[in-house]
Amino acid sequence: MASREQLKAVAASCMKYQAEGFTSSTGAVDKSCENCVNFDGYKCTVNAFDKVLTGLDQG
């Protein structure tokens, strides 16, 4: 399982990231795979996680 830091870094760079429809009290969404509609709690359902994470490692 990925770390919380990885989940946040991937979400920040993922073109397929889409928030699940909630915001914080300030109105901003804390981007993380954990609150992406494409994440089922264990993995990315559109298979973007590994591709984005690999791209971050190469950048």
Side-chain angles (χ1 to χ4, degrees):
M1 180 69 182
S3 70
R4 286 189 179 249
E5 291 79 23
Q6 287 174 319
L7 294 172
K8 287 181 179 183
V10 168
S13 298
C14 184
M15 295 185 69
K16 297 196 183 243
Y17 173 82
Q18 186 176 5
E20 284 187 307
F22 62 89
T23 57
S24 70
S25 59
T26 62
V29 173
D30 186 21
K31 275 189 166 184
S32 172
C33 293
E34 293 175 304
N35 61 29
C36 178
V37 298
N38 297 314
F39 192 72
D40 69 5
Y42 300 100
K43 64 180 178 122
C44 178
T45 61
V46 294
N47 298 318
F49 183 85
D50 289 334
K51 292 174 190 170
V52 174
L53 185 61
T54 298
L56 293 175
D57 289 342
Q58 307 232 344

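Owing to the predicted nature of the structure, the values given are computational and were not obtained by experimental measurement.
- Distance check, rounded to the nearest 0.5 Å: SG of C44 to CG of L53 gives 11.5 Å.
- Closest heavy-atom contact between A48 and C14: CB-SG, 4.0 Å.
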Evaluation steps, salt bridge (Lys or Arg N to Asp or Glu O under 4.0 Å), between R4 and E34: CA-CA 8 Å; R4 286 189 179 249; E34 293 175 304; 3.3 Å; yes
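- Between the Q58 side chain and the G55 main chain, no donor and acceptor come within less than 3.5 Å of each other.
- By the 4.5 Å heavy-atom criterion applied to side chains, D30 and K8 are counted as neighbours.
- Rounded to the nearest 0.5 Å, atoms OG (S32) and CD (E20) are 10.0 Å apart.
- A heavy-atom distance below 4.5 Å is not found between the side chains of F49 and K43.
- Atom NZ of residue K31 and atom OG of residue S13 lie 8.0 Å apart, to the nearest 0.5 angstrom.
- Annotation: side chain of L7 is in contact with side chain of F39 (closest heavy-atom distance under 4.5 Å).
- The backbone N or O of K16 sits less than 3.5 Å from a side-chain atom of N38, completing a donor-acceptor pair.
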